[in-house]
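Along the sequence shown, residues carry numbers from 1.
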Amino acid sequence: MRRSSHIAVKVRPDQVEAAVAHYVSLLGVRETGRDDGHVELSGENFLIYVVSHDHPVVVQEFVSPTRAGARARFEAMGCRIFDESTEGFHVTDPFGMSFHVFFADGETSPPTD
């Protein structure tokens with residue numbers, strides 16, 4: 001397993017524009033995409049997705065080399081899996097960390113740098 005260069009920052013809907021301005025100013029990222037649910041900000045070797053969400057949280061992404069057995073491995077370690085898709089799933093572990101697991105053998109890969 002390796003860490004991805006993607007981070008999702010989920011903020012209340014009324015804070016999306018302030019969060020975007022904050023990260024642009026603080027980290028020097030630039031806006032590279034936008035839709036109704038999120039704003040994509042690109043840095044030199046990372047992406048931040050500012051996501052409109054009722055429950056603010058920061059979500060790091062990790063990459064699993066394969067999907068085979070990944071779900072069972074996380075569940076065996078006491079993790080709660082939710083928001084599954086063909087590309088991966090979100091996890092909350094027993095210690096409160098929330099993160100996304102992306103399958104490297106999926107159709108779309110996140111940047112590796």
Side-chain angles (χ1 to χ4, degrees):
M1 182 112 13
R2 65 178 169 79
R3 187 178 57 80
S4 165
S5 60
H6 294 187
I7 302 167
V9 180
K10 296 181 179 184
V11 299
R12 291 191 319 264
D14 64 331
Q15 292 186 324
V16 170
E17 294 308 319
V20 168
H22 172 78
Y23 293 117
V24 166
S25 178
L26 178 68
L27 302 175
V29 296
R30 67 189 192 310
E31 185 176 323
T32 53
R34 181 182 284 257
D35 68 20
D36 291 336
H38 77 278
V39 178
E40 180 182 278
L41 303 173
S42 295
E44 186 172 326
N45 60 356
F46 62 95
L47 292 173
I48 296 176
Y49 297 96
V50 177
V51 181
S52 175
H53 200 274
D54 291 333
H55 303 288
V57 66
V58 174
V59 180
Q60 177 64 57
E61 183 173 67
F62 292 90
V63 180
S64 174
T66 180
R67 71 186 69 232
R71 188 181 212 288
R73 182 173 72 244
F74 281 90
E75 287 179 327
M77 296 300 297
C79 295
R80 183 177 69 83
I81 295 174
F82 58 99
D83 290 339
E84 291 185 72
S85 73
T86 57
E87 296 177 345
F89 51 77
H90 284 87
V91 173
T92 299
D93 75 13
F95 305 100
M97 185 171 159
S98 181
F99 54 98
H100 183 256
V101 175
F102 180 86
F103 301 131
D105 63 354
E107 296 176 13
T108 307
S109 292
T112 59
D113 51 352

Output the distance between atom [atom1] ([X]) and atom [atom2] ([Y]), rounded to the nearest 0.5 Å.
| X | Y | atom1 | atom2 | value |
| --- | --- | --- | --- | --- |
| Arg30 | Ser42 | CZ | OG | 5.0 Å |
| Phe99 | Ser4 | CZ | OG | 13.0 Å |
| Ile7 | Leu47 | CD1 | CG | 9.5 Å |

Result of checking Tyr49, Phe46, Phe62 against His6 for ring pair (Phe, Tyr, Trp, His ring centres under 6.0 Å):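 Between His6 and the candidates, ring pair (Phe, Tyr, Trp, His ring centres under 6.0 Å) is satisfied uniquely by Tyr49.
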What side-chain donor-acceptor pairs closer than 3.5 Å can you find for residues 70-79, not counting sequence neighbours?
from, atom 1, to, atom 2, distance (Å)
Arg71, NE, Glu84, OE1, 3.1
Arg71, NE, Glu84, OE2, 3.2
Arg71, NH1, Glu75, OE1, 3.2
Arg71, NH1, Glu75, OE2, 2.1
Arg71, NH2, Glu84, OE2, 2.6

Filter on salt bridge (Lys or Arg N to Asp or Glu O under 4.0 Å), then keep only pairs touching residues 91-103, sequence neighbours left out; what's left?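 Matches after skipping sequence neighbours: none remain.
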Partners passing side chain to side chain donor-acceptor pair (under 3.5 Å) against [X] (at least two apart in sequence or in another chain):
| X | answer |
| --- | --- |
| His53 | none |
| Ser52 | none |
| Asp83 | none |

Counting N and O atoms only, with roles assigned by atom type, does the side chain of Arg2 sit under 3.5 Å from a partner on the main chain of Pro65, one being a donor and the other an acceptor?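 Here the side-chain-to-backbone pair does not exist.
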Linking directly or through intermediates, with side-chain heavy atoms under 4.5 Å: list the remaining ILVMFWY members grouped with Val59, chain and number order.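 Under the 4.5 Å side-chain rule, Val59 groups with Val57.
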Please name the pair of heavy atoms, one in Asp54 and one in Pro56, separated by the smallest distance, quoted to 0.1 Å.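 Scanning both residues completely, I find the closest heavy atoms to be O-CD, 3.5 Å.
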Pairs under 3.5 angstrom only: tabulate donor-acceptor contacts from the side chains of residues 13-27 to other protein residues two or more places apart or in another chain.
from, atom 1, to, atom 2, distance (Å)
Glu17, OE1, Arg34, NH2, 3.4
Glu17, OE2, Arg34, NH1, 2.7

For Phe82, what residues pass the side-chain contact (heavy atoms from CB on, under 4.5 Å) criterion, not counting sequence neighbours?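 In terms of side-chain contact (heavy atoms from CB on, under 4.5 Å), with neighbours along the sequence ignored, Phe82 is linked to Arg80, His90, Thr92, Ser98.
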